[in-house]
S.K.: 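This structure is in structure tokens; I'll ask about it shortly.
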Amino acid sequence: MSSEKRAPQHVAIIMDGNGRWATSRGWPRLVGHRKGAERVKEIVRCAPDLGVKWLTIYAFSTENWKRSTEEVLGLMGLFSRYIEREADRLSAEGVRMRFIGDRSRLDDRLQRLMAGIETRTANNTRLNLTVAINYGGRDEIIRAGRKIACEVAEGRLDPADVTEATVSAMLDTADIPDPDLVIRTSGETRVSNFLLWQAAYAEYEFTETLWPDFSPAELERILSRFGGRDRRFGGVAPA
Ligand code: IPE
Ligand code: IPE
Ligand code: MG
């Protein structure tokens, strides 16, 4: 198919602007992150009603370790609390929760919570929620490259058989379709190492709204604009 108009099945969001939201009010950055976590709950709740089947959110990048210890620990605490407090509701509402990124650097307790909610919600199908924690597109591609190199070194894979499908299957997103639409809040118009491989043909939407002010109504407006876009995937639009 050379042209396709439809509601996005998979929406990925770079949730940015929590810090500015807080500092502009004279508050610590962590207050902005707490407010941001409230927005996540709201967006997760409304996404299935807007036709979204897959929602991937960028919560912590491989570069975010450069922030102060206080901010990093505060964010890690928020991730744990989100999982603990939302587990029952996510399960009841049919949300399947998964994580992408390198977990090995996260503390053991958080890793256990992540694995626990993934198992607990594994049979849910209403919404696929994926949270990117200690995620970087380059890091993910490097880790995939190492896995492929091991397969080749051990004689299980012929280099000539390495295809797009081989690489996709080695990424953290092996079981997740590519995003149709990537939204970034806060007015920044960069990718910041998010889904570099997967978003090859995604549409992008940038909004000035800071993440703590992002609303279901704004998501709905962005989704309806997406419906009008002509996605050609390298082909030509039909006459
Ligand atoms: C996004 O908000 C959340 C994370 C990156 C964890 P920021 O914390 O980047 O907020 P700004 O960009 O400094 O306003
Ligand atoms: C991107 O936001 C990462 C997340 C939203 C988790 P950043 O605020 O870290 O990105 P830069 O520094 O503006 O590129
Ligand atoms: Mg930022």
Side-chain angles (χ1 to χ4, degrees), residues 10-44 47 52 54-83 85-86 97-107 110-111 113-114 129-143 171-173 176 179 181-199 202-215 218-219 222:
H10 183 175
V11 176
I13 306 181
I14 303 173
M15 310 182 290
D16 197 14
N18 294 349
R20 275 163 283 170
W21 185 91
T23 47
S24 70
R25 289 166 172 77
W27 295 336
R29 294 175 58 84
L30 268 172
V31 177
H33 294 314
R34 274 205 290 277
K35 200 75 187 174
E38 293 301 316
R39 284 294 87 77
V40 171
K41 291 179 198 169
E42 220 170 55
I43 295 302
V44 167
V52 175
W54 299 80
L55 178 67
T56 299
I57 55 177
Y58 202 6
F60 194 90
S61 75
T62 45
E63 287 69 40
N64 287 148
W65 298 104
K66 294 176 191 160
R67 298 184 179 200
S68 72
T69 309
E70 183 191 4
E71 183 168 354
V72 169
L73 290 179
L75 282 163
M76 295 298 156
L78 268 180
F79 302 149
S80 298
R81 277 200 297 285
Y82 181 90
I83 298 171
R85 291 185 187 167
E86 290 300 291
M97 194 172 191
R98 278 181 262 228
F99 298 91
I100 54 172
D102 180 0
R103 304 173 190 210
S104 63
R105 193 166 166 190
L106 307 177
D107 79 42
L110 178 55
Q111 287 191 44
L113 283 169
M114 289 160 69
L129 171 65
T130 303
V131 184
I133 299 182
N134 192 23
Y135 176 87
R138 287 185 171 184
D139 176 70
E140 181 190 36
I141 291 167
I142 289 167
R143 287 185 285 109
L171 297 172
D172 299 346
T173 50
I176 300 172
L181 173 66
V182 178
I183 299 170
R184 182 166 188 153
T185 60
S186 90
E188 308 297 350
T189 50
R190 52 180 172 262
V191 185
S192 298
N193 211 2
F194 190 45
L195 301 178
L196 297 181
W197 171 277
Q198 298 87 342
E203 301 286 328
Y204 280 86
E205 281 278 348
F206 299 98
T207 168
E208 295 289 327
T209 308
L210 302 175
W211 177 252
D213 292 327
F214 193 76
S215 64
E218 182 163 12
L219 177 61
I222 291 173

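Each ligand, and each atom within it, is numbered from 1 in the order the structure gives. What you see is a predicted model, and the numbers here were worked out from it, not measured in a lab.
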S.K.: Given 3.5 Å as the limit, does a donor-acceptor pair link the side chain of Arg39 with the main chain of Pro212, or not?
M.R.: yes
S.K.: Under a 3.5 Å distance rule, please check whether Gln111 uses its side chain to pair with a backbone N or O of Leu106 as donor and acceptor.
M.R.: yes
S.K.: Looking at Gly101, is its backbone amide N or carbonyl O close enough to the side chain of Asp172 to form a donor-acceptor pair, meaning the two atoms are under 3.5 Å apart?
M.R.: yes
S.K.: Is the Tyr58 ring parallel, tilted or perpendicular to the Phe194 ring (thresholds 30°, 60°)?
M.R.: parallel
S.K.: So, taking the atom named CD in Glu86 and the one named CG in Leu129, what distance separates them when rounded to the nearest 0.5 Å?
M.R.: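 If I round to the nearest 0.5 Å, the distance is 10.0 Å.
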S.K.: For a distance under 2.8 Å, give residue and atom name for each protein N, O or S atom next to the Mg ion (ligand 3).
M.R.: Asp16 OD1
S.K.: Testing the basics here: between Leu110 and Ser80, what is the closest heavy-atom pair and its distance to 0.1 Å?
M.R.: CD1-OG, 3.6 Å
S.K.: Checking Arg29 against Ser68: is there a side-chain donor and acceptor pair closer than 3.5 Å?
M.R.: no
S.K.: Supply the atom-to-atom distance Asp16 CG to Glu188 CD, rounded to the nearest 0.5 angstrom.
M.R.: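 Between Asp16 CG and Glu188 CD, I get 6.0 Å after rounding to 0.5 Å.
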S.K.: Ligand 1 and Arg29, any nitrogen or oxygen pair closer than 3.5 angstrom?
M.R.: yes
S.K.: State, yes or no, whether a side-chain contact exists between Thr189 and Tyr204 at a heavy-atom distance under 4.5 Å.
M.R.: no
S.K.: So does Glu38 pair up with Lys41, basic N to acidic O under 4.0 Å?
M.R.: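 Looking at Lys41 together with Glu38, the answer is yes, because their closest N to O distance falls below 4.0 Å.
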S.K.: What are the atom names and distances for all N or O pairs under 3.5 Å between ligand 2 and the protein?
M.R.:
residue	atom	partner	partner atom	Å
ligand 2	8 (O)	Asp16	OD1	3.2
ligand 2	8 (O)	Arg67	NH2	3.3
ligand 2	9 (O)	Asn64	ND2	2.9
ligand 2	9 (O)	Arg67	NH2	3.3
ligand 2	10 (O)	Arg184	NH2	3.3
ligand 2	10 (O)	Ser192	OG	3.4
ligand 2	13 (O)	Arg184	NH2	3.3
ligand 2	13 (O)	Arg190	NE	3.4
ligand 2	13 (O)	Arg190	NH2	2.7
ligand 2	14 (O)	Arg190	NE	2.9
ligand 2	14 (O)	Ser192	OG	2.6

